[in-house]
Every structure is written in structure tokens, then in C-alpha cells.
Amino acid sequence: MIKYIGRRLLIAFVTLLTIMTLLFILLEFMPGSPFNDEKLSESQRELLNEKYGLNDPIPVRYKTFMVNVLTKGDFGVSYAIEKNAEVSNIIDKRLPLSIRFGLQALALGSVVGIILAAIAALNKNTIWDTMTTGFSVLGISIPSYVFALGLSYFLGYKLTKATGHQYFPMTFDIYQPWKSSILPTIALSMFVIATVARFMRTELVEVIGSDFVLLAEAKGLNSRKIITRHAMRNALIPVVTVLGPLTVSLMTGSLVIERVFGIPGIGDLLVTAISVNDFNIIIAVSFYYSIFYIIMQLFIDILYGIIDPRIRVAKGGQS
Amino acid sequence: MEKPTIGNDTRFERIMTSDAFQRDVVYEGISFWKDVFLRFKANRGAVIGMILIIFITFMAFVGPMMNEHTYKSKVDNHINLPPRVPVVENLGIFDGERAGKNVYLDKGLDDVYYWFGTDNLGRDLWTRTWVGTRVSIYIALLAVVIDMFIGMGYGLVSGYLGGGVDTVMQRFIEILSGIPNLVIVTLFVIILNPGILSISLALVITGWIGMSRVVRSQVLKLKELDFILASKTMGAPTATLLIQDLLPNIFGQVIIMSMFSVPNAIFYESFLAFIGLGLQPPLASLGVLINDGYKSILVYPHIILPPVIVLALLMLSFNLLADGLRDSFDPKMKQQ
């Protein structure tokens with residue numbers, strides 16, 4: 001097991017290095033210098049290049065870049081969005097918000113998804129089953145940003161207009177952090193709900209049909225207990241497989257949700273940075289997304305190794 | 001009444017009178033593909049999905065030719081017109097009314113019809129929607145091609161050769177799949193500028209990983225079986241083994257996988273276009289149109305509706321189709 005975890009860690013590290021190198025190459029690929037647009041004299045520009053170490057040979061800069069990022073989390077300064085502000089400060093301000101929305105959506109989505117799955121599996125082939133299944137197919141088919149727009153329009157705008165009272169603010173408001181985060185969280189969790197519900201239903205149906213559930217029934221346990229104590233636990237194990245896609249969807253989702261609801265998070269920051277060519281910020285946000293993703297995958301792999309020893313062997317724990 | 005006889009022999013008499021009663025029931029031998037087709041046909045959702053996909057694809061190619069507007073032609077005094085369709089307008093819907101007033105008649109455009117209305121630059125939304133749909137169809141095709149060629153090829157080679165080659169190829173995939181899609185797209189968008197090219201390239205780099213894993217695991221399972229050994233003993237070259245012996249056995253899986261990756265790819269393109277990293281105006285894609293509509297959703301909600309509906313229908317259809325195909329290729333997977 002230790003060998004297996006070690007290998008996973010090594011691969012995660014190599015992946016991280018690869019991403020860093022790609023990002024560095026990207027930085028080099030940029031036409032001109034970051035100070036192209038400004039009205040600077042040749043000597044001033046030279047001074048700035050010197051100050052930010054842009055005149056050093058490439059290997060030296062590669063080393064400084066790696067060391068700065070990996071040891072200090074230092075990505076240099078922002079060129080356009082907040083001139084000369086430390087990128088790490090900008091990120092620090094925005095990251096917690098993005099993480100909060102991600103976690104909220106994940107929590108809400110899993111709970112609702114599991115409940116829906118239980119309803120569907122217990123009432124298999126009834127109208128309830130059809131309804132929840134249909135709902136989850138819709139949830140997967142309708143893009144998250146369309147959901148976000150719909151919620152913002154109908155619940156944020158139309159409802160307010162019709163009732164004269166604002167139940168759900170249309171955009172995120174830092175002074176109403178909970179009330180105004182309801183709609184974004186629902187929009188972001190839609191995909192989570194649909195995926196979890198779909199997957200869990202199949203698993204639950206299988207588990208409910210198995211012998212040990214029959215035994216539990218024969219023992220005289222009531223159905224609620226069978227579901228929560230026996231069936232649910234076993235059905236939850238394979239759900240680990242959907243954690244990967246869920247992470248991806250939360251990441252892409254964050255870009256959209258933050259845009260639509262005006263949440264000052266890092267997804268919104270990335271989109272803005274790309275449109276104004278603020279490279280250091282792009283690199284920093286990409287780095288954080290990658291770290292997050294890599295850690296998630298590492299977590300999934302290790303969880304798998306614990307749950308199912310065969311995977312440990314297949315993924316090279318022995319050699 | 002003549003006595004029923006058996007053959008020409010009159011010595012025997014038939015006791016049972018019904019012909020059908022005696023007939024042996026012999027099932028017709030059904031080939032695998034026919035079996036799949038029959039199961040697919042019985043799946044209502046999948047068939048509806050299939051029909052919708054064909055219809056939307058058809059409209060994507062024919063729709064823009066149905067009127068004289070192009071996706072970027074603007075008519076200055078025709079801005080923000082609501083939908084108006086001839087004949088149907090008499091029923092009280094699609095009659096060009098907004099807030100109780102007929103906008104068309106107000107502007108003196110008595111016999112002008114925009115079936116989906118116009119946007120804030122006076123462009124015909126009908127044409128733009130279907131032109132935008134073409135992009136989604138292209139992306140869908142691209143996703144399938146990438147899955148079929150890169151993903152399947154990679155999985156076949158990696159799984160069949162095994163050993164050191166397999167190890168190297170799998171480590172490569174592990175590193176590649178550790179890089180979030182979003183980061184790869186960002187890289188391409190910065191180097192090549194936003195557009196269809198950078199999205200296509202990002203798909204080429206990451207779109208095939210899932211497929212190659214499925215194919216590899218199938219090959220690993222199959223290559224130890226006797227029929228492969230038999231083929232090998234008879235001197236079949238590797239290419240024959242791969243293409244004639246292994247491929248037909250995993251093709252069902254391949255089709256299912258590629259169908260599942262289509263809605264993802266369509267979503268990704270429209271999502272990038274929506275946040276402004278995809279196609280750039282005046283080009284139309286469903287994501288661009290939704291973004292346009294979103295900007296004026298409070299005043300002119302009709303602009304956002306057509307692209308949203310087409311996009312949702314397209315993704316729904318592909319999901320239904322993929323589900324249906326999975327159930328018909330492998331009924332055991334469904335179980336219920």
C-alpha cells in the first residue's frame with residue numbers, strides 16, 4: 001500500500017512539473033514583453049525588464065520561476081488587472097469564495113442526489129422513478145450556465161418583479177453573503193445532483209437486489225434501516241468514480257457561475273485575465289486549478305486503492 | 001368434409017385439427033447487429049433522440065438557406081424584433097407582439113417576417129441559430145473522429161503490445177489526464193487566440209483519454225482468449241489480429257463511449273463561447289448566441305430562447321441516444 005501511494009505521489013509530482021513547464025513555455029511564447037502596450041522609453045523598459053529578471057537566460061529564469069512558485073507561491077505581479085499588485089494577494093482574496101461555492105454545491109448536490117436516487121431505487125419502475133430519472137437526464141443535458149441564466153432570470157428577476165419582494169438577489173452581493181449565494185449554489189450543484197442521482201440509482205438497485213439485503217429483510221428490519229444502514233453504505237463505494245468528473249464540472253462551472261452572478265472568485269479572474277492578457281494571473285489561476293485537480297485525483301486513486309486491492313495491483317503497486 | 005391426411009397416406013388420421021398447435025417453434029437465428037438494432041428500435045427515448053439529431057442536423061444545413069439573410073447581415077431598422085411567423089401569427093403566438101403592441105406594425109414592416117426575431121444589431125436569429133448549430137455538429141463529429149482514431153488506436157496498441165510500451169504509454173496518459181482541460185484550453189486560447197481552432201486542438205489533446213482506457217482494458221481481457229491464440233498459431237500478422245479479431249469484439253463499447261463523449265464536447269464548445277473564449281462575433285455558435293441573448297435578457301428575452309432550446313435538445317438527444325445504444329449493445333448493463 002505504501003509503495004502504491006508512493007507511486008501515485010510521484011506521478012502527481014511529475015504531472016505538476018509538466019504543467020509548470022508548460023506554463024513557463026507559455027510565458028516565453030508571449031510575443032514581446034508584458035510592458036508592450038505602455039508608453040515607455042527604451043531605457044525605462046530595459047529597467048523594468050531588469051527589475052523583473054526578464055533579461056536573464058532562459059534556464060536561469062526557468063529555475064527562478066520554479067523556485068518562486070513551488071517554495072513561495074510567488075507568481076510575480078499583475079500587469080493589467082490590478083497594476084503591480086502581487087498576484088498571490090489577488091488570488092488569496094478570491095480563492096476562498098470560489099472554494100466556498102464549490103463545497104456548498106458539492107454538499108447540496110450530493111445530499112439531494114442521494115435522496116433522489118433512494119426515492120427512485122425504492123420505487124423502481126413507478127412514476128417516481130421515471131420522474132427522478134428524467135430529471136437527472138435533464139440535469140446532465142442542460143448546460144450549467146443555462147441553468148444559471150434561467151435561475152437568475154426567473155427567480156432573481158421575474159419573481160422579484162411579480163411579488164415586489166426580493167427573495168433571491170439576481171447577483172452575488174458581498175453584504176448578503178448567504179441569501180445571495182442561494183441561486184449560484186443551486187446552479188452549480190445541478191450537474192452534481194444529476195450525476196450522483198443517476199449513478200447512485202443504478203448502484204442502489206443492484207444492492208437492493210442482493211442477498212444480504214434479503215437477509216436483513218428476513219431479519220425483520222424496517223425498510224428505512226435497510227436503506228440507511230445496509231444498502232446505502234455499499235452503494236456509496238463505487239460513487240468514488242464520479243468524483244473526477246464532478247471536480248471538472250465544478251471547475252468549469254465556477255467560471256460560468258462567477259460570471260453570471262458576478263462573484264469575485266478565481267474563475268471570473270481567469271476569464272478577465274485572458275481577455276486582457278494578464279499572463280501572471282493566468283498562470284497563477286491555472287496553477288491553482290491544476291493543484292486542486294491533481295490533489296483530487298490523488299485522493300480518488302488512494303481511496304480506490306483502499307477500497308479495492310485489485311486496482312492497487314493493476315496500477316503498478318507491485319512492480 | 002375430407003379427412004385430413006398425412007401426406008398421401010390415407011391409413012392415418014390427424015387427431016389435432018389446428019396446424020399451429022403442432023408446429024415446432026424454431027427461433028430465427030439473429031445476428032449480433034440485428035439483435036442490437038431490434039433492441040435499439042424498441043427503446044423509445046433513443047429513437048426520439050436519433051430523430052431529433054437528424055432533424056437538427058438537417059436544419060443546421062438547410063435552415064440558413066431558407067431566407068435571404070446571412071449570419072452577419074444587419075438591417076439597421078430591424079433591431080430587436082420579436083418572432084413573427086406567417087399563418088401562425090393569427091393564432092396569437094409568434095405574432096410579433098411585445099408588451100401588447102405589434103412591433104412590426106409600429107415600424108411599418110407589414111410584410112416582414114423573422115421567424116425567431118432579430119438581435120440588437122438587426123441580424124436574423126433564425127439564420128444565426130442554425131449557422132451556430134453547425135459548429136456544434138462539427139464539434140460532435142470531431143469528438144467522434146478523435147475517439148475513433150486516436151483513442152481507439154492508442155488503446156489497441158497499448159493494450160496489445162503490453163510490457164514496457166504499455167507502461168510508458170500509460171504513464172504518459174496519467175500525466176496528461178492530470179492536466180485540467182481548462183488549463184489546456186487556456187494555453188491554446190492564449191497562443192492561437194480564441195476560436196474554433198484552439199477548441200479543436202484542445203479536444204484533440206484531451207478528448208480521447210477515456211476511450212483509450214476503455215479500449216485498453218477490453219484488449220487486455222480479450223487478448224488472452226483462445227480465439228486470438230488460434231489466429232496467432234495460424235500465422236496472422238499483428239495488424240490482422242488487431243483489426244479483424246480484436247476490433248469487432250470491442251466495437252460496441254467504442255460506439256457507446258464515443259456517443260457519450262459527444263454531449264461533453266458540445267457542452268465544452270458552447271461553454272467556452274459563452275464565456276468569450278470560443279468563437280468570436282460576428283461568427284455564430286450556440287454559446288455566442290446565448291451570451292448575446294444573456295446581455296439583453298431583461299428587455300428582450302426572445303433572443304436567448306432559440307439557441308438555448310436547440311442546445312438543450314441537441315445534448316438531450318445525444319444523451320438519450322448514448323443511453324439507448326448502451327442498453328442495446330449490452331442489455332446486461334441495464335439490468336432493470
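Worth saying up front: this structure is predicted, and the values here are computed from it rather than measured. Just so it is clear, the values below take in all heavy atoms, side chains as well, and ignore hydrogens, waters and symmetry mates. Chain letters run A, B, ... following the sequence lines, proteins first and then strands; every chain starts at 1.
- With a 4.5 Å cut-off on side-chain heavy atoms, A:R198 and B:D323 count as touching.
- For chain A, the nearby parts of B:F271 are the backbone and the side chain; heavy atoms of each come within less than 4.5 Å.
- For the set A:L270, A:V256, A:I294, the entry with the most heavy-atom pairs within less than 4.5 Å of chain B is A:V256.
- Of the atoms belonging to B:F318, not a single heavy atom falls under 4.5 Å from chain A.
- Rounding to the nearest 0.5 Å gives a distance of 9.5 Å between CZ of B:F172 and OG1 of A:T18.
- In this structure, the portion of B:L277 lying under 4.5 Å from any heavy atom of chain A is its side chain and not its backbone.
- Of the candidates B:L187, B:I190, B:V189, A:I282 forms a side chain to side chain contact (heavy atoms under 4.5 Å, CB included) with just one, namely B:I190.
- No more than 12 heavy atoms of other residues, nucleotides or ligands lie within 6.0 Å of CE in B:M50, so this atom counts as exposed by the packing criterion.
- Residue A:I140 touches chain B through both its backbone and its side chain, counting heavy-atom pairs closer than 4.5 Å.
- Proximity to chain B is absent for every atom of A:L16, based on heavy atoms less than 4.5 angstrom apart.
- The parts of B:P180 that come within reach of chain A are both its backbone and its side chain, each placing non-hydrogen atoms under 4.5 angstrom from that chain.
- The most heavy-atom pairs under 4.5 Å with chain B, out of A:V137, A:L298, A:L149, come from A:L149.
- Within 6.0 Å of the OH atom in B:Y154, the count of heavy atoms belonging to other residues, nucleotides or ligands exceeds 12.
- Nearest heavy-atom pair across B:I175 and A:T15 is O-CG2, 3.3 Å.
- Of the inter-residue distances, the one linking B:L311 atom CG with A:I142 atom CD1 reads 9.5 Å to the nearest 0.5 angstrom.
- Taking chain B as the reference chain and counting heavy-atom pairs below 4.5 Å, the highest number among A:I274, A:V14, A:L23 is found for A:I274.
- The contact between B:S270 and chain A is made by backbone and side chain atoms together, counting heavy-atom distances below 4.5 Å.
- Looking at B:I266, neither its backbone nor its side chain comes within 4.5 Å of chain A, counting heavy atoms on both sides.
- Between A:L255 and B:F274 the shortest side-chain heavy-atom distance does not fall below 4.5 Å.
- The CZ atom of B:R171 sits 5.0 Å away from the CZ atom of A:R7 when rounded to the nearest 0.5 Å.
- Nearest heavy atom pair, residue A:P143 against residue B:M315, reads CG-SD, 4.0 Å.
- With chain A as partner, the option from B:G45, B:A312, B:S177 having the largest number of non-hydrogen pairs under 4.5 angstrom is B:S177.
- Atom-to-atom distance recorded for B:N181:CG and A:Y293:OH is 7.0 Å, nearest 0.5 angstrom.
- Taking the side chain as every heavy atom from C-beta outward, B:V183 and A:V285 never approach each other to under 4.5 Å.
- Proximity to chain B is absent for every atom of A:S152, based on heavy atoms less than 4.5 angstrom apart.
- Contacts between B:N264 and chain A at a heavy-atom distance below 4.5 Å are absent for every atom of the residue.
- Comparing A:A12, A:G150, A:G209, A:S286 by heavy-atom pairs within less than 4.5 Å of chain B, the highest count is held by A:S286.
- With a 4.5 Å cut-off on non-hydrogen atoms, B:L182 touches chain A through its side chain but not through its backbone.
- With rounding to the nearest 0.5 Å, the separation of OG1 in B:T186 from CD1 in A:I283 is 11.0 Å.
- For A:Y289, the parts sitting under 4.5 Å from any heavy atom of chain B are the backbone and the side chain alike.
- A distance of 8.0 Å separates CG of A:L22 from CD1 of B:I184, quoted to the nearest 0.5 Å.
- Taking chain B as the reference chain and counting heavy-atom pairs below 4.5 Å, the highest number among A:V260, A:V146, A:L138 is found for A:V260.
- The nearest pair of heavy atoms linking B:I275 to A:V271 is O-CG1, 3.5 Å.
- By the neighbour-count criterion of 12 heavy atoms within 6.0 Å, atom CZ of A:F135 is sparsely surrounded, having that number or fewer from other residues, nucleotides or ligands.
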